[in-house]
Amino acid sequence: MTSPTFSALDHLHMAHALRLAELGLYTTQPNPRVGCVIAHGDDVVGTGWHQRAGEPHAEVYALREAGERTRGATAYVTLEPCAHHGRTPPCADALVAAGVARVVVAAEDPFPKVDGRGMEKLRAAGIAVETGLMRDAARELNIGFFSRIERGRPWVRVKLAMSLDGRTALANGESKWITGEAAREDVQRWRARSSAILTGSGTVLADNPRLTVRMDGVTTQPMRVVLDRLLRTPKGSQVLDGQMPTLMLHGHSAKPDARFANVECIPVAESGHTFDLAAALALLAERDCNEVQVESGPTLCGALIAAGLADELLLYVAPVLLGDHAMPLLGLPALTDMSKRWNLKMMDQRQVGADLRLRLRPV
């Protein structure tokens, strides 16, 4: 089948739709971020973006704005219009009823209740449908959603901060602060787009973190998830404060007590004396988690990388040296063959205050 040829104007309108979709970066969980532009040639008559789960989809907002001018127009949508009744009616039906002549879709929706049915409805109504325009950008914007639906696990982003000599804390455990204020503020933005923040019991014991988003304008918080196989989290820990949804994942032999009255405790399969990390991530996908940000010590972060379960590293490098006795970045198994090394692809690098932020993915 021949791929459609898109004009410069098509690219312009889809880029606009993607910018609209990005406005929902922090708010649409667990739904994907979607934008829509309705246009007659270069005349944009309607725009919209999905703002929150349970509220109208991007197409509905754009159709409302366009009104009667929708008839005969082209709709540019970053994700295939839905074809089923969920909390809102099918967007494919709304586009048909409004009389659009053409729909350009960036990425197909793999969600089983959609998965091509939206485009089938449009074509059955005589509407021209073309797909694939800026598909990679649309998938990248919703990388966690696609991971959850297609792989059955969230997109796992491991956040790390280190000195120039690859150390994360002093030998006594002190780690505040390796990076500067600008880097710490940047981390808040990555937290805000995540469905969950994942840590281990060792980090809870050492740092007593809140694992919250501290950023103006953010009204919803990611779920806090603690891997605590033996339920060692002490009374008074901030993750037990009951202020937001918190999940304690533990081994089957551990029994929750009164300390955990304000949080949900779920046993997870174990492999020897460690968690089955794949099973833990599958459980989070069942809880509609799209992107999971891991903020933990070298043991858990290293285990995720060694198991091939870390999809992305968000690494902040500070222009400081901590010395040989400081703690290492990751706990990884020793290698005796260079061909077994973990190869990473640089996705992005930028200066954040005095620090350098690297975004890397396994090759």
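On a predicted model such as this, the values are computed, not experimentally measured, just so you know.
- With salt bridges taken as basic N to acidic carboxylate O contacts below 4.0 Å, none links Asp136 and Arg139.
- Leu25 contributes atom CG, which lies 4.5 Å from atom CZ of Arg33 (distance to the nearest 0.5 angstrom).
- Residues Leu284 and Val204 fall into different hydrophobic clusters, defined by Ile, Leu, Val, Met, Phe, Trp and Tyr side chains chained together at heavy-atom separations under 4.5 Å.
- Heavy-atom minimum distance, Pro81 versus Cys91: CB-CB, 4.2 Å.
- A cation-pi geometry, defined here as NZ or CZ lying under 6.0 Å from the six-membered ring centre and within 45° of its normal, does not hold between Arg148 and Phe145.
- Counting non-hydrogen atoms of neighbouring residues, nucleotides and ligands closer than 6.0 angstrom, the NE2 atom of His252 exceeds 12 such neighbours.
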Does Arg189 form a side chain to side chain contact (heavy atoms under 4.5 Å, CB included) with Tyr26? I'd like the steps, not just the answer. CA-CA 9 Å; Arg189 289 188 281 274; Tyr26 306 138; 3.7 Å; yes
Glu108 vs Thr131, test: side chain to side chain contact (heavy atoms under 4.5 Å, CB included). Steps then yes/no. CA-CA 7 Å; Glu108 300 81 357; Thr131 64; 3.6 Å; yes
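- Counting heavy-atom neighbours within 6.0 Å of Glu181 CD, excluding the residue itself, gives a total of 12 or less.
- Side chain to side chain, Asp228 and Thr233 meet the donor-acceptor criterion of an N or O pair below 3.5 Å.
- A chain of hydrophobic side-chain contacts below 4.5 Å, direct or via other Ile, Leu, Val, Met, Phe, Trp or Tyr residues, connects Val226 to Leu231.
- Using a cut-off of 4.0 Å between Lys/Arg side-chain N and Asp/Glu carboxylate O, Arg151 and Asp311 are scored as salt-bridged.
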